[in-house]
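Heads up: the structure comes next, in structure tokens.
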Amino acid sequence: MNIVLLGAPGAGKGTQAQKLVEDYGVAHISTGDLLRAAVKAGTKLGLKAKGYMDEGKLVPDQLLVDLVKERLEADDTQKGFILDGYPRNTAQAVTLDSMLAEIGRTLDAALLVDVKADVIVKRLSSRRTCRECGYTAPAGVNKCPSCGGEMYQRDDDKPETIQKRLDVYENQTSPLVEYYRGKGLLKVVDGDRPVDDVYADVKELLGL
């Protein structure tokens, strides 16, 4: 099972990915996590990425491709992978197709977790994140259930910021959705329902 995971920030992609990881042993590859890990480890690619990030610049596409390629060659991706946060646009999708062909892998599906914008604004603005491990929980949870760290509201989880993020997502990702639709790989699930209901549909759509 090799899939690209699509959906706006707060659509619940991470939750669905985690359930697939637990049940099927596939690798969840988040480009945000990849970048942070590479920077923290001080790898050659990580140091390059840090240079751009320190200057407030976007990490170039080729550097992301190199990071993803390196990650896909790890042993734990042999049962499959879930790409989360990459590709973000059609140019990156075309590059990804070429890179997968190089390493003898193919995509099975592009899964879109679809949730209306107003639902996402409400959902994200009530989200709290652990300062230590990144665990997320609803407002009212002050201590991380995972590591005991302090929970706080990220700046990008405030309503006005969320709307800007959604606008960017819509502009970038709508063509990407059509790209995968055109390739016959797009699977769409309604994410505005209880997690287990969404997951049942995800498994059905992916033929699991």
Side-chain angles (χ1 to χ4, degrees), residues 3-43 46 49-50 52-59 64 67-68 71 76 81-86 88 111-170 172-173 189-202:
I3 67 172
V4 163
L5 196 55
L6 304 173
K13 303 188 300 296
T15 302
Q16 296 303 319
Q18 199 52 49
K19 292 177 86 65
L20 289 169
V21 168
E22 288 168 6
D23 288 350
Y24 299 99
V26 294
H28 179 207
I29 302 172
S30 156
T31 45
D33 291 345
L34 267 187
L35 277 170
R36 282 187 288 273
V39 169
K40 191 173 181 180
T43 66
K50 187 175 187 299
Y52 288 99
M53 291 157 76
D54 286 349
E55 292 179 26
K57 295 177 180 175
L58 287 175
V59 175
L64 282 176
L67 275 169
V68 171
R71 182 68 183 85
D76 68 335
F81 60 81
I82 301 167
L83 273 176
D84 182 359
Y86 185 88
R88 289 184 181 272
L111 178 68
L112 171 61
V113 182
D114 194 28
V115 180
K116 290 184 176 66
D118 58 334
V119 173
I120 287 176
V121 171
K122 186 176 178 184
R123 188 185 283 182
L124 281 186
S125 59
S126 67
R127 184 170 74 171
R128 299 297 180 266
T129 303
C130 173
R131 288 191 190 278
E132 299 301 319
C133 72
Y135 184 93
T136 56
V141 177
N142 298 315
K143 186 176 178 183
C144 176
S146 179
C147 76
E150 179 196 353
M151 304 295 284
Y152 76 112
Q153 184 179 38
R154 292 173 9 180
D155 285 341
D156 57 0
D157 282 343
K158 292 175 180 172
E160 59 278 12
T161 314
I162 294 164
Q163 192 55 59
K164 286 178 188 169
R165 288 168 69 199
L166 290 176
D167 290 344
V168 169
Y169 167 81
E170 187 63 33
Q172 284 187 340
T173 312
V189 64
D190 176 5
D192 187 15
R193 293 174 299 149
V195 169
D196 288 342
D197 292 354
V198 177
Y199 186 53
D201 279 2
V202 165

Output all residues satisfying salt bridge (Lys or Arg N to Asp or Glu O under 4.0 Å) with [X], sequence neighbours left out; order by chain, then residue number.
X: Arg123; value: none
X: Asp196; value: Lys19
X: Asp114; value: none
X: Lys122; value: none

To the nearest 0.5 Å, what is the distance between [atom1] ([X]) and [atom2] ([Y])?
X: Ile162; Y: Ile120; atom1: CD1; atom2: CD1; result: 9.5 Å
X: Leu5; Y: Leu20; atom1: CG; atom2: CG; result: 8.0 Å
X: Leu6; Y: Leu111; atom1: CG; atom2: CG; result: 7.5 Å
X: Ile29; Y: Arg71; atom1: CD1; atom2: CZ; result: 5.0 Å
X: Gln16; Y: Ile82; atom1: CD; atom2: CD1; result: 10.0 Å
X: Leu166; Y: Thr173; atom1: CG; atom2: OG1; result: 10.5 Å

Go through the structure and list residues passing side chain to side chain contact (heavy atoms under 4.5 Å, CB included) with Arg165, not counting sequence neighbours. Pro9, Leu124, Arg154, Asp156, Asp157, Thr161

Which residues share a side chain to side chain contact (heavy atoms under 4.5 Å, CB included) with Val39, sequence neighbours left out: Ala49, Lys50, Met53

Side chain to side chain donor-acceptor pair (under 3.5 Å) partners for [X], two or more places apart:
X: Tyr86; answer: none
X: Gln18; answer: none
X: Asp192; answer: none
X: Asp197; answer: none

Step through the shown structure and confirm whether more than 12 heavy atoms of other residues, nucleotides or ligands are within 6.0 Å of OH on Tyr52. no

Has Arg88 got more than 12 heavy atoms of other residues, nucleotides or ligands less than 6.0 Å from its CZ? no

Could you go through residues 128-143 and list every donor-acceptor pair under 3.5 Å that involves a side-chain atom there, pairing it with any protein atom two or more places apart or in another chain?
unit_1: Arg128; atom_1: NH1; unit_2: Ser125; atom_2: O; d: 3.4
unit_1: Arg131; atom_1: NE; unit_2: Glu150; atom_2: OE1; d: 3.1

Salt-bridged, Asp190 to Lys116, with N to O below 4.0 Å? no

Scan residues 29-40 for pairs that pass side-chain hydrogen bond (donor to acceptor under 3.5 Å, both in side chains), counting only residues two or more places apart or in two chains. Asp33-Arg36

